[in-house]
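Some notes on the structure that comes next.
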Amino acid sequence: MEEKIIDENKQGTAITLEAKPKNTRKLYIESYGCQMNFSDSEIVASILADQGYNTTQNLEDADLVLVNTCSIRDKAEQTVRKRLEKYNAVKRINPGMKVGVLGCMAERLKEKFLDEEKIVDMVVGPDAYKDLPNLLKEVEDGRDAVNVVLSKDETYGDVSPVRLGSNGINALVSITRGCDNMCTFCVVPFTRGRERSRDPQSILKEVNDLVEKGYKEITLLGQNVDSYVWYGGGLKKDFKNASEMQKATATSFSNLLAMVAEAHPKLRVRFSTSNPQDMTEDVLHTVAKYDNICNYIHLPVQSGSTRILKEMNRQHTREEYLALVDKIHEIIPNCGISQDMIVGFPTETEEDHQDTLSLMEQVQYYFGYMYKYSERPGTMAARKFKDDVPEETKKRRLTEIVAAQRRHGAYRTNQFIGQTCEVLIERASKKNENEWSGRNPQGLVVVFPKENYNPGDFVNVKIASCTSATLIGEAIGLSENNEL
Ligand code: SAH
Ligand code: F3S
């Protein structure tokens, strides 16, 4: 399952957008970390396109270098620090080049960045991107610029993102920002602030634009999509008190999902991430009801031990999680389920670890993202506990859950042999350029010979063989979803 473990040493992706002929300055922008960061970089590039910047893929050419950073684990931060060294080398050749740090590390380290990393000219937190034009003026005048103010209501609903380095097929649409859950290991509530939902009309407008441009699949994005809620015409803060707010008609996540699916029956709709504690049955019924909402749920669990879940401040037990998994299978037949898992949370015993393995055995996840616990400064877990599981133990436990996941992945992929799946072609396969690669509704990667098909086609593929993470087959024709 290595392919599903996020490679935090991988270089961030530099992104390109259509050049505006009037623009003369060059922006190099790269992103690390979660999908939300990639989505945010699109917003940043849109704001800067109005400030005279076109994107470049060539670091050496850039007038402005922006790096959108991740703080989720220490390793993610170290990767960014290494990148900054690289920028520094380029800056020696091109002293006019300015460097800005965006995203979660900017928010976590604030002004400290300017002291620690001398090459950084600008530090901008995730809620301050609309201030970029002012911050850039400061920088141009030779001053360092910092804005790390978090907001209660910024959703960038009014910025229409330009799609960067995108294949024109899949797009990310953010629906909430921030997170209020305060899982004790997690830095996100500190770096991305309070949770807020975006106006459904602005979401729908963005989706309409994407469909018009020919996009075939969207992923509705939030740290915790199930807590999406929009109260009539306003935000929580616009109401005098709770009873006034309750009187307004609320749009829930399941309402939003239905609205998007209904507006575009040929568009594939996905969403991420579902938090088990907030997932409601009506979301499951909505997924079951609409053919174009993929039968796939990313349902992080983090641990199979109720004791550890409690210390993590996850609001459910092992049993409640397993009951939810049963409910999903009951309401949505053939639903793919994937996980996030952390090994070596403080105080995790061998017995807790065995609970994680046995939970995995019960669920048989399609795939998953697995991590060693990394202590993050300022979080509840860091304050309450010593990081007391030895590195060697963490490593061994990680190897064990990765091996279990590989077996479960293989079990799931084997079930597809002989079946036909609808696949949306995304790109040429990395391993064989004569093959296309795409995903089936359950989120599994499918590869098959190219023949006359094209990226963006929905194709029915008959599955002949598989690995633990990939289905291999042959196209038998376009699916009915393709009609013009
Ligand atoms: N709700 C979010 C979670 C973001 S973090 C979402 O949209 O997915 C993604 C995953 O990183 C978490 O589910 C968790 O498994 C892992 N993670 C978060 N903090 C971590 C830490 N301190 N150490 C190791 N892994 C961590
Ligand atoms: Fe982090 Fe938990 Fe929110 S993992 S992003 S605090 S749901």
Side-chain angles (χ1 to χ4, degrees), residues 34-40 42 155-157 161 166 169-181 188 192 195-208 210-211 215-230 250-301 324-325 327-329 331-332 334-340 365-369 422 424 426 439-444:
C34 67
Q35 288 176 308
M36 190 64 86
N37 262 4
F38 284 78
S39 167
D40 280 1
E42 300 182 339
T155 61
Y156 301 110
S166 116
I169 297 163
N170 327 86
L172 305 169
V173 176
S174 71
I175 64 164
T176 68
R177 295 183 71 81
C179 188
D180 283 351
N181 280 334
V188 170
R192 290 191 158 268
E195 183 180 289
R196 64 223 97 122
S197 298
R198 178 177 165 193
D199 177 352
Q201 288 311 320
S202 90
I203 297 171
L204 199 58
K205 182 175 170 296
E206 186 177 340
V207 173
N208 293 345
L210 286 165
V211 170
Y215 281 79
K216 299 293 169 67
E217 178 181 290
I218 58 147
T219 303
L220 302 176
L221 216 56
Q223 300 297 343
N224 183 6
V225 287
D226 298 283
S227 60
Y228 175 90
V229 64
W230 179 264
T251 305
S252 67
F253 178 57
S254 99
N255 299 148
L256 178 76
L257 203 51
M259 208 169 95
V260 171
E262 223 157 271
H264 301 286
K266 303 275 172 204
L267 178 73
R268 249 195 195 185
V269 181
R270 296 183 185 275
F271 53 90
S272 188
T273 298
S274 304
N275 192 315
Q277 72 204 37
D278 295 314
M279 186 148 221
T280 54
E281 246 180 68
D282 53 328
V283 170
L284 302 180
H285 287 294
T286 304
V287 175
K289 180 172 169 192
Y290 295 94
D291 283 345
N292 57 331
I293 305 179
C294 288
N295 289 355
Y296 165 64
I297 296 174
H298 182 52
L299 197 67
V301 63
L324 176 60
V325 169
K327 200 40 102 200
I328 292 172
H329 289 315
I331 299 176
I332 314 168
N334 306 317
C335 189
I337 302 181
S338 59
Q339 43 88 347
D340 284 353
Y365 292 100
Y366 282 61
F367 51 89
Y369 304 88
E422 188 192 65
L424 171 61
E426 293 173 19
R439 278 173 301 155
N440 73 358
Q442 289 82 0
L444 290 169

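Source: prediction; values computed, not measured. Just the heavy atoms: all of them, side chains too, but no hydrogens, waters or symmetry mates, feed the values below. Index from 1, following the sequence.
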> If you look at every heavy atom in Leu172 and Glu42, which pair is closest and at what distance?
Replying inline: O-OE1, 4.5 Å
>> Run the side chain to side chain donor-acceptor pair (under 3.5 Å) test against Gln35 and tell me which residues pass, sequence neighbours left out.
In response: none
> Who are the side chain to side chain contact (heavy atoms under 4.5 Å, CB included) partners of Asn255, not counting sequence neighbours?
Replying inline: Thr251, Ser252
>> Using the salt bridge (Lys or Arg N to Asp or Glu O under 4.0 Å) criterion, which residues pair with Glu426? Sequence neighbours excluded.
In response: Arg439
> In Å, rounded to the nearest 0.5 Å, how long is the span from CG of Asn275 to SG of Cys179?
Replying inline: 7.5 Å
>> Going by the rule side chain to side chain contact (heavy atoms under 4.5 Å, CB included), which residues pair with Lys327 if we only count those two or more places apart in sequence or in a different chain?
In response: Glu281, Leu284, Glu330, Ile331
>> Show the nearest heavy-atom pair for residues Tyr228 and Asp199, with the distance to one decimal.
In response: OH-C, 4.1 Å
> Who pairs with Phe271 by ring-ring contact (aromatic ring centres under 6.0 Å, His included), at least two apart in sequence or on another chain?
Replying inline: Phe253
> Roughly how far apart are Thr155 OG1 and Ile175 CD1, rounded to 0.5 Å?
Replying inline: 11.5 Å
>> Suppose we screen for side chain to side chain contact (heavy atoms under 4.5 Å, CB included). Which residues come up paired with Ala250, at least two apart in sequence or across chains?
In response: Val229, Tyr231
> For Gln277, what residues pass the side chain to side chain donor-acceptor pair (under 3.5 Å) criterion, not counting sequence neighbours?
Replying inline: Asn181
> Just by modelled atom types, is the Thr219 backbone N or O under 3.5 Å from a matching donor or acceptor in the Arg268 side chain?
Replying inline: no
>> Restricting to salt bridge (Lys or Arg N to Asp or Glu O under 4.0 Å), what partner residues turn up for Arg192, sequence neighbours left out?
In response: Asp40
>> Testing the basics here: between Ser39 and Ser174, what is the closest heavy-atom pair and its distance to 0.1 Å?
In response: OG-CB, 4.1 Å
>> Taking side-chain hydrogen bond (donor to acceptor under 3.5 Å, both in side chains) as the cut-off, I'd like each qualifying pair that reaches into residues 289-301, sequence neighbours left out, listed once.
In response: Glu262-Tyr290, Tyr296-Ser338, His298-Ser338, His298-Asp340
> For Asp278, which residues count as a side chain to side chain donor-acceptor pair (under 3.5 Å) partner, sequence neighbours excluded?
Replying inline: Asn224
>> If the condition is side chain to side chain donor-acceptor pair (under 3.5 Å), which residues does Glu206 pass it with, not counting sequence neighbours?
In response: Arg163, Arg198
